[in-house]
Structure formats: C-alpha cells, structure tokens
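Below, read A as the first sequence line, B as the second, and so on, with proteins coming before strands; counting in each chain starts at 1.
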Amino acid sequence: TMTEQGRDLPKAYVPADFEGAIYERWLEADVFAPDGAGARPDPSLPPFVIIQPPPNITGALHLGHALTFTLEDVMIRHARMQGHETLWLPGLDHASIAAQYVLDKIIAAEGETRESLGRERYLERMWRFINETREVMLGQERRLGASADWGRLRFTMDEGSARAVRVSFKQLYDDGLAYRAEGLINWCPGCRTSVSDLEVIPTPETGTLWSIRYHLLDDVTGEPSADDTITVATTRPETILGDTAVAVHPEDDRYRALVGRKVRIPFVERDVPIIADEVVDRAFGTGAVKITPAHDRDDHATGVGHGLPMISVLADDATITEAGDGYAGLDRYEARKRILADLKSRGDLAGEKPHEMLIGRCQRSNDVIEPRLKTQWFVKTGPLAEAALSATRSGETRIVPARFEKVWENWLTNIHDWNVSRQLWWGHRIPAWYCPDGHATVSAEIDGPERCEVCGRGPGELTQDPDIFDTWYSSGLWPFSTLGWPDRTEDFRRYYPGSVMETGYDIIFFWVARMMMTGIHLTDAAPFHTVYLHGIVKDPYGQRMSKTKGNVVDPLEAIDTAGADALRFGLLNGTSPGNDQKFSSERLEDGRNFANKLWNATRFVLGARPASIADAAEAVLREPAAAALGPTERWIRSRAAATVMAVDRAYEDHNYGEASRVLYDAIWAGFCDWGIELAKVRLADTSVDEAEREATWWTLVDALDTYLRLLHPIMPFVTEALWGALPHAADDPELLIVARWPKAGEVAPELEQQVEAVLELIRSVRNARAAAGVAASSRLPLALAVPASLEPVVRALAPAIERLARAAPLTFTADGAALAVASGSAARALSVVAGQIEAAILLGEGDAGASGAADAGERARLEKELGQAETALASSRARLADATFLAKAPPHIVDGARAREAELADRVEKLRASLA
RNA sequence: GGGCGAUUGGCUCAGUGGUUAGAGCACGCGGUUCACAUCCGCGGGGUCACUGGUUCGAAUCCAGUAUCGCCCACCA
C-alpha cells in the first residue's frame, strides 16, 4: 500500500551492501559455466564463446583490465540472456619477462639476485610469488562482476599449456616453420635476454654523430697511408671494433675510385675492403659508412650480401669481448669514451655534432637494446601471416572497428620471422635437445627424445636447450590450448573457434596476430570470428596511466567508493569502439547517480503497488489489460519498445557506449522524468477506477522489468537486486542473469506524438512561469485552445497537466479568439504557444512579483520565441522555393518540409497575436 | 618516410547526407510536491579546426592544410 513505500528495499542505494551477496548468489546458482546447473541455454542456438586476454599474473589489475573485463562481461551476459550457451574461460598469463622483472626487484630488496638463487630456487620463489598475486587478481575480477566460468580457469604455465607448447612447436618444426639459426637479434643487457622487435621501443634522443678518419692502405706498401683517408660517420664508435668493411654508394663520384681498396680499422688493426652498395645514402653524413655486420641490422644485411666476416664485440652484459682487443672487458659506454679519446690523440677524430636519432630501448627495463648475433629459434612467419590475412580478407574473421584491418594488413604483409628464444628462466623450456655434435632434435615428449634424430646418440648424451619461449608464444595458443588441444576434447569440438576475441588495440600484433597465425596452422580454423578492439583508458589529461607517473586509478578503490556498476557504466558510457578514453571521477559519479536513480525509481514502483498485492516479489507479472490503458500507459509501453530496438541495434554494432547512453536517456529522461511522473497522477486519482489504476501500475512494472533486463549486462548488480524485488513472469528464473532478453513490443508513433504535444505544453507553461518569476508553489488557472486532433489526449491527461504544470483549474476554449477573451478576464495572463496548442496562464494580483519586471520578462520570452520561429520559417520557405529541391529531394523529405513550414507559419501567427 | 585516429558548447564526449546539432558535468535562476538533494524544474552557452569540392541539401562524403596523439619503418 501507499503507506508502506520502500518496504521491500533499503531506502539508500549502497552498492557495498549487496554487490557481494549478489555475486555469491550467482555462484551458488551455478550460472556462469555453459554446463552449469543454473544455466538455461536454448538448445536451438549456437554456443557463444568469448576469448579474453589472460592478464599478466604480476600483480594488481588496473583500469584497462577493468574495461576489458567489463566489455567481456557485457557481451557474455547479453549472449546468455539471449539464450546462447556461453563460455568465458578465464585465465592468467605467466608473463615471463614482465614477471622476472618484477620478481628481480622483489628479491633485490631481500638481498638476492637471479644468480645468487640459481635457476631452481628462483623458479620456486616465482611460484610462491604468483600464488599470492593470483588470488588477489581473481578476487578483483569477481568484485567487478565478471561472470566467467571459474571452474575452467587456466594458466599459461599449467600442464595443459605446456603440452600445447611442446606439441605445437614440434609440429611447426616438422612443417618447416620453426628453425634454429644464427641471426641478428635484439639484446637487452639489463634483462639479459633477446626480445622481439615489438618489445624494442624506438625512443627519440639527441645523440652525437662522430666523423672518423680511416686510413687507406697504400697500394704499394700495403701499409696505412698517413694522409690518404676516408671519413665515416657513426653514433656508436665502440662498434668500430667490429667493423669489417666501409661502404659507399656505387654512383658516388667522390668515392668511386676508392671502391675495392682497403682501409685499416684502428685499434684492432684489421684491414677491410671498401665496398659499393646502394643502401648507402649519399646525402647522409660523409656518404661513407662503416659496416659492423654483427651489431647493426642494415650492416648485417650488407654483410650477408657481400660475404663479410661478422665479428661480435659485445658480450651478454654489454661489455667488450676479447675481439675488442685492448678494450676487452670494458662496458660499452666506457669503451666508447676511451675509443673517442684514443681517436682524438691519433688525430683521427674528424668532427662531432649533435644528432637527433631514434634509439631502441627495452619495453621492460628501458635499457638501450644492442643488436647482436645469436643462435636462436625462429618461427617462419611468411606462410602463417599469409593465412591470417586470408582469414580477414575472406571475412572468416572480422575486425571491429574495421579501420584496424589496414594496420593488420600492413603489419602482416611486412612481417619478419619471429625470434622465440628467450634467455630467461620463467617460462616454457624450448623442447629442443642437442647431442654433443650439436645436432638438434625437437620433441613433444616432456622428457625429450630417445635419441638424436641425426646421429642416433642416446638420451644420456642429450641436453635440453636452456632457453625458454617468448611469453606470447604460449599466449598465442590460448584459444585452443585452454580447450584441451591437441586432443580433440568435447570442449574443443564444442567451443572452438570462439565467437568474439576482445582486447585492447595495443596488443593486436603481440597477441591477436600470433593467435591467428598459429591457430590457423595448427587447427585449420581461424580461432575466432570477431576481433573486438577497445581503446586505452587514460587519465583525465589524456596521459597513459602508468605506475611511474603515479596516475593509475585502482579499480578496487573505484568500486569501494561508487560500486562495481558505477565503474562499469563509467567505463562504457560515452565511448566508442577502438577509441581511447579519458577516465575521471565524474564518469564514476555518473554511473553511481544513475544506479541510484534506478534504485529509487524501483522503490517508488514497489511502494505504489495496489493494495491487492501484498508482496511484489511474490506476485506474478501481468500484462496490463489493453482496455484499461490510457495515453500515459501506452506512451510508456511504446518508449520501452523503442528502447529495446535501439539497444538491440547498439549490441549488433558492438557499440556498448551507445547502448549505455540509450538506456541512460530512456530510463532517466524518459521513464523517470515523464513516465513515472505522469503515472503518479493516475495512481493517486481515486476517481479513476481500480482496474485502470492497476493497469497503470502493471505498466510501470512491465517497463521497469524491460529496462532492468536491458541494463543488466552493463550494470549487473543493481539490476539483479532490483529485479528480485519485482513481480516475475511464470516462466522467469530466480535470477535476472539467466532471464531472457526482452523482445520489442509495439511502437506507436502517432500516440507518442500526441503525448509529446502534451509534454511540450507542460514544458512551455513551466518555462513561461519561470521567465515571469511566478512563485513555484502557486497554482494558476490555465486556459487552453487545443486542435480537435489533440483534444482527446489533452483531456485525458488534464490531471497530469494540472499537477506537472501547476495549473488549475483548466478551461478549454474553442479557439484562439476565445482564449483572448478568457485571458482578458484575468488581471494579467502569460501567453504560451506550444506546438499546435495555445494556452494562457491566468495571473491574479501579485502572482508575478513586481509586475513591471514580469511583463518585461514575459515579452522578452515571447519575442525570442517569435524570432526563432521566424528564422526557421524563413529558411523553411527558402528551401521550398527552390525548384531543384522540389525536383530532386525524395518525396518524404519534401512532405516533411511542407508540414514544417505550415507548422512554423502557424506558430509565428500565434506568437504575433500574443505579442499584439 | 608511410599509415591511423582526433579536432563539435567552459570540460568529457555522442552524433556518417535531410527539420532549429544533442547528452552528462560545470554555470545561472528557482525548488522542503509523500522514489531519489547521488534530487526536481527552467535557462544561458556551439558560424561542428581551416580551405576548396561533390550534392537540391554537408558536422557527416571527397581533396588539401593545420594542430595534437598513436602505430609502423634498416639514414650510419
């Protein structure tokens, strides 16, 4: 009853009081797993599988994770409500280099190092570390509301992944797509490992370009000439020690005669040839380039092309090797200083100047990367990339938003082979064994091969490669390694390939491309149908969030202050696919306020229930009787139907920001501000019969039910809590999470237009009163002139007009002339022109404060309205006067313009009359 | 060097050919109406970065320019 309002729900919206309990109910009901006891899939629909990037196990989650989990959860909840059997398989990534980087810092604080612990104890320490972080991270995901199938939780270092790594690598090797070779790799001296091209960050820096004179050998004596020199330019003088040639452009007249002669490399006293090669840019530096094939990518290519010796002068710790002769053992930068000093004292330092350059730094440690020659394992990417490209070109896999297809094409077209060896400990050991003769045998068996496949030597003589795989190698197997591959398990058959792979665009190459490449080769199918890429969450100033900048927002803190629903809404609302977003506390507040609004709207509806319904939650949801529906009820129903359609469209487009915006507007500005306010009138009107009042209430319940369902994927906790307090249909489940997605009812555009006309009248009356300074509390008589087409609706909604426009009594007159008469009967009147409806607010003495000022305000308002109408009318007429417009524009546009013109002409006329 | 994105009210962002470009926040005025002050009502505020083009019609499509951001790329 009306006196027991809010009985069923706490008065205040306090998310912390119920979010945890709701999550527990979902777990108890076992609805997350596709085969869970509480899942209610429709067997006629195909399974829906979401693929998530397993977060690095290194620590706490940040807002980017919160966004990714929110999007995944929105998609999976939507699909679940649609009736799809859903699988969201959660997991964690061992993140080898990132994890080692973090652990190294932790053990450093304990006075230990990687070396002091040794491989075995280091790995034990790592397992201890991640066993702590794992629970913290999973707890965070649950707080956010992630409805993942925790029973299928996987880790990229578990035995399933390990086996997939071994088997896949063996297969790639057998298929000629994995090979071991000496190649130029990116070496990080800080991490003591090679890293992939993607992990090298080109960083702009001002370096120095030194010019150095190399002495040519005298043709006759074979000794370096004192003054016959060629000057080369370099930013890394320490690499002189590894020079094996000097290159010039073949058509460079300055040097043409020198090609074929030799120079002596200083300090190492090596005689090397001057060669001609078109890679040399004549305009840069001196036009002569020193060639260090073991330490520069260009030079390496040149060295291969010309058959030059490749001399490694840098060791693992970036000190100079024995090949560096007198500089051996020095750090690379110390050696650089000494070499420069020595060149200067020899008189061979020809010049130096500041030089803007890009220097490669390690994504992890920020150390300067050194290109080095190493024997490593590589994955041959050419054929794999080709297959990945055909999958996207054929549409087997679709990228959302589509603009990323171009980046995708470009990267996969110019891809280099993938160096997968890492000189780290935390990760999957490369399943390659070597015999004393150096033959390699790749095996998928955990204990390695029986014997060397080349020379047949036995197991006692084989040793496994000490290196591990690049983390992304195992991540790349994720979509199928988690489903039991290489076995054709039931899960694999049922859930592979996945439906949507959701991740940030920043790992499209690291992860998405690798999954596609290995996935297609190993399983003969692209691992997912849709790639959905989200943008980066940045701080309020547009800066990327990072621990070092100290601008990270902790999702847990946000949840603690505003609730998980608020955070989820804040992360989605006003965003679009693939675009970065700035996150600020205002977004969080928007979400919290919205949830609060919904909470209170539901409290109102519950409290307004008819006396015949003792307990709303126990009542059976009923369609209101059609005959008992008034314009308000029909309008509410039509709006709800239109919202279902708009939200469906947004979901189809993967436009979740749009879905949230549509719902925010429909629920707040539509349902609450107008629907409930209009409904209140009839609910409180005792002159209306009981059946009609009940129909109004059921209309509110029905609409609210629809909105809660539509909003559930985005704000699951508050919608679940509220839905539980409302009546349900007989075939509804206990929990909203497994309830069915609503189907759109009928939209009634004509009825909507008529009701909108009344709303416009109410707004206009409010506006006129405010502009004239009428006291908000005073009720004033309102005279109305309503066209016949609108009269039934206006009369039906008269009580609402009285209440919402604070107008009473209402009098209806035949036309504008009669209205003028009615106005004349009052001390003064405020004219209102709202669409086709004219009205006069009749003022008594003293109703509008100082009447002079009020008159001026009133006049100004009407003049402004008239001005706007006249401008619009003029442009409308100009358009209709244009013969080409009439001839070429489609008929419905022309008709619309005509109607518009008539409407405006009418409005102008009425406003002029009011001002006269 | 190549590519992508952004540029819309003070701020954050929607809006991909058709009335007078929208929202939230912020701002101003008013509000103790029995869901909500985490609220309600009313209002002010934008020549849609610039130039040109296509079109009956452009914030929207095309070309170019500028600024900012990002990605890719082997000038030592």
Side-chain angles (χ1 to χ4, degrees), chain A residues 2-3 5-6 9 11-13 202 209 232-236 239 247 279-281 283-286 288-292 296-302 355 357-358 371 403-404 406-407 410-411 414 505-506 508-509 535-536 540 542 562 573-576 578-584 586-587 589-590 592-608 657-658 661 664-665 669 672-673 676-677 680 684 763 766-771 773 775-777 803-804 806 868-869 871-872 875-876 879 882-890 892-894 896-897 899-901 903-904:
Chain A
M2 297 294 282
T3 53
Q5 274 175 22
L9 285 172
K11 187 167 162 48
Y13 165 65
L209 186 64
V232 298
T234 185
T235 56
R236 294 187 297 158
T239 62
V279 294
V280 179
D281 177 355
F284 187 87
T286 60
V289 188
K290 58 188 273 315
I291 300 297
T292 321
D296 182 277
R297 196 188 280 274
D298 283 342
D299 293 3
H300 182 73
T302 309
H355 182 56
M357 53 197 245
L358 291 176
R403 66 181 137 89
F404 284 102
K406 213 163 177 175
V407 190
N410 183 49
W411 192 76
N414 301 305
Y505 68 72
D506 53 336
I508 186 169
F509 306 136
I536 309 296
N573 194 39
T575 63
S576 47
N579 284 345
D580 293 351
Q581 60 168 308
K582 294 177 194 169
F583 190 85
S584 59
E586 283 83 21
R587 284 178 172 277
E589 273 172 41
D590 286 349
R592 198 248 336 237
N593 294 351
F594 184 39
N596 177 66
K597 187 71 181 176
L598 196 61
W599 181 271
N600 282 295
T602 307
R603 280 182 59 235
F604 168 79
V605 172
L606 287 172
E658 169 75 2
R661 197 167 40 249
Y664 183 93
D665 186 61
C672 293
D673 287 351
I676 288 182
E677 292 307 317
K680 274 179 185 174
R763 271 191 290 259
R766 285 169 171 174
N767 177 359
R769 289 172 53 118
S777 56
R803 173 168 168 148
L804 300 180
R806 303 205 62 76
Q868 286 171 344
T871 307
S875 75
S876 199
R879 217 144 68 105
D882 184 348
T884 42
F885 170 71
L886 297 175
K888 295 201 170 182
H892 73 276
I893 296 294
V894 177
R900 174 85 187 135
E901 190 216 7
E903 209 179 294
L904 285 165

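- Residue-level contact check: F509(A) touches the backbone only, with heavy atoms under 4.0 Å from sugar-phosphate atoms and none from bases.
- Remark: N579(A) is not in phosphate contact with G5(B), judged by side-chain N or O atoms under 4.0 Å from OP1 or OP2.
- The residue P890(A) sits close to a base: some heavy atom pair falls under 4.0 Å.
- The main-chain N or O of K406(A) is never found under 3.5 Å from a side-chain atom of N410(A) such that the two would form a donor-acceptor pair.
- With P as the reference atom, G10(B) and U47(B) are 8 Å apart, rounded to whole Å.
- The separation of U16(B) from C27(B), taken at their C1' atoms, amounts to 32 Å, rounded to a whole angstrom.
- Across the protein-nucleic acid pair, F594(A) atom CZ and G24(B) atom P stand 12 Å apart, rounded to whole Å.
- Taking the P atoms as reference points, G41(B) lies 31 Å from A59(B), given to the whole Å.
- U7(B) is paired with A66(B) under the criterion used here, namely a Watson-Crick or G-U wobble arrangement in which both key atom distances are under 3.5 Å.
- Not one side-chain nitrogen or oxygen of K290(A) sits closer than 4.0 Å to the OP1 or OP2 atom of A76(B).
- Put simply, the side chain of K680(A) and the base of A35(B) share a donor and an acceptor less than 3.5 Å apart.
- Pairing of A76(B), defined by two Watson-Crick or G-U wobble distances under 3.5 Å, is not identified with any nucleotide.
- Among the nucleotides A76(B), C39(B), G41(B), the one closest to the side chain of D673(A) is G41(B).
- For R806(A), taking side-chain heavy atoms from C-beta onward, the closest of the listed nucleotides U33(B), G43(B), C72(B) is U33(B).
- Checked against C13(B), C74(B), C42(B), the side chain of A770(A) finds its nearest nucleotide in C42(B).
- Within the 4.0 Å cut-off from OP1 or OP2 of C75(B), not a single side-chain nitrogen or oxygen of H355(A) is found.
- Within 4.0 Å (heavy atoms only), L358(A) reaches at least one base atom of the nucleic acid.
- The side-chain tip of K597(A) does not point at the ring of Y664(A) from less than 6.0 angstrom away and within 45° of straight on.
- Looking only at distances, a side-chain donor or acceptor of R769(A) sits under 3.5 Å from a matching main-chain atom of R806(A).
- Remark: the separation of the C1' atoms in C70(B) and C75(B) is 23 Å, to the nearest Å.
- Base pairing of A21(B): no nucleotide in any strand meets the Watson-Crick or G-U wobble criterion (both distances under 3.5 Å).
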**Message:** Apply side-chain hydrogen bond (donor to acceptor under 3.5 Å, both in side chains) to residues N579(A) and S576(A) and explain how you reach the verdict.
**Reply:** CA-CA 6 Å; N579(A) 284 345; S576(A) 47; 3.0 Å; yes
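- Checked by atom type, the side-chain pair S584(A)/K582(A) shows no donor-acceptor distance below 3.5 Å.
- Within the nucleic acid shown, R587(A) comes within 4.0 Å of sugar-phosphate atoms alone, with no base atom in reach, counting heavy atoms only.
- If you take CG of N600(A) and C1' of C36(B), they are 4 Å apart, rounded to a whole angstrom.
- Of the side-chain N and O atoms in N596(A), none sit less than 4.0 angstrom from OP1 or OP2 of C39(B).
- For U65(B) and C72(B), the C1' atoms lie 24 Å apart once the distance is rounded to whole Å.
- Taking the side chain of R766(A) as heavy atoms from C-beta on, and the options G41(B), C36(B), G31(B), the nearest nucleotide is G41(B).
- Contact annotation: side chain of K597(A) to base of C36(B), donor-acceptor pair present below 3.5 Å.
- Residue-level contact check: R592(A) touches the bases, meaning some heavy atom is under 4.0 Å from a base atom.
- In this structure, S576(A) reaches the A14(B) phosphate: one of its side-chain N or O atoms is under 4.0 Å from OP1 or OP2.
- Between the side chain of N600(A) and the backbone N or O of N596(A) there is at least one donor-acceptor pair closer than 3.5 Å.
- Looking at heavy-atom distances under 4.0 Å, L886(A) makes no contact with the nucleic acid at all.
- The CD-P distance, from Q868(A) to G46(B), rounds to 12 Å in whole Å.
- Spacing of P atoms, G43(B) relative to C50(B), comes out at 29 Å, to the nearest Å.
- Residue D299(A) is classed as having no contact, given no heavy-atom separation below 4.0 Å to the nucleic acid.
- Within the 3.5 Å criterion, the main-chain N or O of L598(A) finds no donor-acceptor partner in the side chain of R603(A).
- Taking a pair to require two hydrogen-bonding distances under 3.5 Å in either a Watson-Crick or a G-U wobble arrangement, U16(B) remains unpaired.
- In this structure, the CD1 atom of I893(A) is 15 Å from the P atom of C56(B), given to the nearest Å.
- Distances from the side chain of D298(A) to the nucleotides C74(B), C75(B), C36(B) place C74(B) closest.
- Residue D580(A) contributes atom CG, which lies 17 Å from atom P of C4(B) at whole-angstrom precision.
- The same atom, P, is picked in U12(B) and in A49(B); the two are 15 Å apart, to the nearest Å.
- Rounded to the nearest Å, the gap between the C1' atom of C13(B) and that of A21(B) is 14 Å.
- The partner of G43(B), taking Watson-Crick or G-U wobble pairs whose two distances both stay under 3.5 Å, is C27(B).
- Within the nucleic acid shown, E903(A) has no heavy atom closer than 4.0 Å to any nucleic acid atom.
- Minimum interatomic distance between T239(A) and R236(A) (heavy atoms only, all atoms of both residues): OG1-O, 2.7 Å.
- When Watson-Crick and G-U wobble pairs are counted only if both distances are under 3.5 Å, G57(B) pairs with no nucleotide at all.
- Distances from the side chain of R603(A) to the nucleotides C71(B), C36(B), A14(B) place C36(B) closest.
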